[in-house]
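Please read the structure below before turning to the comments.
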Amino acid sequence: MIVSLTHMSVISHFLLDFLVSFFNPIGPYLITKFGIEIRVLTTFLTLSAAFSSLMQVLFGFWFDKVHSTKSYLITMYFLEAFGIALLGFSTNFWVALIAVLIIRLANSAFHPLGAAMAGESSGRSVAIFSIAGTLGAAIGPVFISFYVSRLSIEALWIVSIPFLVIGIYMLGTKLPLKAVKLNPKFSFKEIFVLIPILFVVTTRSFIMSIVHTYTPIYITSILNYHITLSGMLITSGMIAGVFANYLGVLLMEKIGAKKQDLIAFLGMAISIIIFLSTKSIFLLFLSFITFDFCGFLLMSANIVQAQKILPTRKALASSVSMGFAWSIGDFTASGY
């Protein structure tokens with residue numbers, strides 16, 4: 001069975017980002033289970049996200065050298081499935097940390113590969129690719145919040161089964177080779193032209209990392225609401241990001257990147273001020289949804305810009321506008 005690169009990248013982005021979105025919502029459960037301090041968990045989550053995102057540059061550089069992506073893609077499915085099962089079985093905090101890191105690294109490796117696969121078609125395909133990941137990350141928090149509240153963290157191995165099945169199924173599929181002719185020569189000057197995009201994505205990553213990491217703890221520990229509310233908040237914001245991802249590409253084409261950046265960051269600033277100034281559930285949802293909508297307005301647009309600048313190095317360009325920028329933002333957030 002032959003599956004197109006775009007279809008496989010979109011489906012995989014949804015599924016793999018679905019799993020990696022579990023960590024923030026179950027943060028309070030991990031704190032209780034292992035008896036750790038809040039700052040220990042939040043610092044690790046941001047640092048692990050930063051480290052794995054930083055590795056995207058190396059993954060992107062490597063994947064631009066290969067024509068066939070099937071074996072790498074299957075490996076990522078297996079690693080994330082193993083990691084999520086290990087997280088459930090973990091009996092101490094260090095094993096849980098290893099499980100989280102395995103999942104994050106596998107997910108990080110997928111992003112430049114998946115973006116390059118989607119970029120084989122068009123910029124709109126990259127937008128759909130981003131939407132799929134955002135949708136998976138949107139459904140994940142509310143799913144895992146209800147899942148662990150009804151069952152337990154120990155039952156996470158059940159969640160890993162579908163991913164193992166999909167990985168085994170993919171062994172019988174065929175993926176076409178990448179069409180772009182590879183450029184054998186590499187120069188760091190190619191990356192320097194992406195510095196403006198790098199700055200924008202880094203700043204957005206710093207802000208969103210802090211907000212998404214602390215929101216579940218803020219909702220449960222400060223406002224004393226149930227953990228399911230935090231999961232619903234994150235999911236609602238991510239769903240708004242689904243639409244913002246696609247609209248961002250269209251908006252960039254009409255008004256340009258600079259005006260789009262201004263609108264996005266101004267909207268994020270106003271919405272987070274409202275979020276921290278109210279206990280009203282309605283305003284909490286409205287402000288958080290607005291925050292995520294403005295943040296995700298730039299995601300697909302930045303990737304499309306980067307791939308247009310480096311068309312023969314789509315994976316590397318994607319990794320710089322995603323992973324490398326995200327890692328800097330996450331490292332800064334962990335220090336903050």
Side-chain angles (χ1 to χ4, degrees), residues 17 20-50 87 90 93 96-97 100 104 134 137-153 156 203-241 244 264-296 326 329-336:
D17 274 18
V20 84
S21 68
F22 287 2
F23 305 135
N24 287 340
I26 64 174
Y29 279 90
L30 296 176
I31 291 172
T32 301
K33 180 178 180 179
F34 299 116
I36 57 176
E37 295 183 7
I38 292 175
R39 67 172 179 267
V40 172
L41 178 65
T42 55
T43 299
F44 170 75
L45 290 180
T46 52
L47 282 175
S48 63
L87 180 61
S90 59
F93 186 54
L97 297 190
V100 171
R104 286 204 188 279
T134 304
I139 297 175
V142 71
F143 167 82
I144 196 60
S145 296
F146 280 102
Y147 186 87
V148 297
S149 64
R150 297 298 186 274
L151 298 176
S152 66
I153 293 181
L156 281 177
T203 305
R204 187 197 69 203
S205 173
F206 167 74
I207 297 171
M208 296 188 73
S209 177
I210 292 174
V211 172
H212 279 240
T213 299
Y214 275 99
T215 288
I217 299 171
Y218 175 73
I219 292 296
T220 57
S221 301
I222 306 299
L223 301 184
N224 296 318
Y225 286 120
H226 194 268
I227 188 174
T228 55
L229 178 63
S230 65
M232 293 173 65
L233 269 174
I234 295 176
T235 292
S236 299
M238 298 296 283
I239 289 176
F265 282 106
L266 186 61
M268 292 171 70
I270 294 174
S271 59
I272 201 59
I273 290 174
I274 296 174
F275 181 80
L276 295 174
S277 304
T278 183
K279 292 188 67 174
S280 165
I281 293 180
F282 172 77
L283 289 179
L284 286 172
F285 271 94
L286 180 62
S287 57
F288 192 86
I289 289 172
T290 303
F291 173 84
D292 266 8
F293 181 89
C294 293
F296 282 101
W326 293 348
D330 284 336
F331 273 124
T332 307
S334 65
Y336 175 86

Closest non-hydrogen atom pair, [X] against [Y]:
| X | Y | answer |
| --- | --- | --- |
| Met208 | Gly295 | SD-CA, 3.9 Å |
| Lys279 | Tyr225 | O-OH, 2.7 Å |
| Phe293 | Ala240 | CD1-O, 3.5 Å |
| Leu284 | Ser287 | O-OG, 3.2 Å |
| Ser48 | Arg104 | OG-NE, 2.9 Å |
| Val20 | Phe23 | O-CD1, 3.4 Å |

Working to the nearest 0.5 angstrom, can you tell me the gap between [X] [atom1] and [Y] [atom2]?
| X | Y | atom1 | atom2 | answer |
| --- | --- | --- | --- | --- |
| Ile207 | Met268 | CD1 | CE | 4.5 Å |
| Leu283 | Ile281 | CG | CD1 | 10.5 Å |
| Leu45 | Thr213 | CG | OG1 | 6.5 Å |
| Ser209 | Arg204 | OG | CZ | 11.5 Å |
| Cys294 | Ile272 | SG | CD1 | 11.0 Å |
| Ile36 | Ile31 | CD1 | CD1 | 6.0 Å |

Got [X] and [Y] here, is their nearest side-chain heavy-atom distance under 4.5 Å?
| X | Y | answer |
| --- | --- | --- |
| Tyr218 | Leu223 | yes |
| Phe34 | Ser90 | yes |
| Ile234 | Pro216 | yes |
| Asp292 | Val211 | no |
| Thr290 | Ile274 | no |
| Val100 | Leu87 | yes |
| Leu30 | Phe93 | no |

Donor-acceptor contact present, side-chain Thr235 to main-chain Val142, <3.5 Å: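 Here the side-chain-to-backbone pair exists.
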Backbone of Ser145 reached by a side-chain donor or acceptor of Tyr29 within 3.5 Å: no
Under the ring pair (Phe, Tyr, Trp, His ring centres under 6.0 Å) test, residues paired with Phe288 that sit two or more places apart: His212, Phe275
Residues that Ile273 engages under side chain to side chain contact (heavy atoms under 4.5 Å, CB included), provided they are two or more places apart: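 Residues passing side chain to side chain contact (heavy atoms under 4.5 Å, CB included) with Ile273: Ser277.
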Proximity of Phe143 and Tyr147 rings by center, below 6.0 Å: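 Yes - the distance between ring centres of Phe143 and Tyr147 falls below the 6.0 Å cut-off.
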Steps toward side-chain contact (heavy atoms from CB on, under 4.5 Å) verdict (Phe285, Leu229): CA-CA 10 Å; Phe285 271 94; Leu229 178 63; 3.4 Å; yes
Derivation of the side-chain contact (heavy atoms from CB on, under 4.5 Å) call for Leu156 and Ile144: CA-CA 9 Å; Leu156 281 177; Ile144 196 60; 3.4 Å; yes
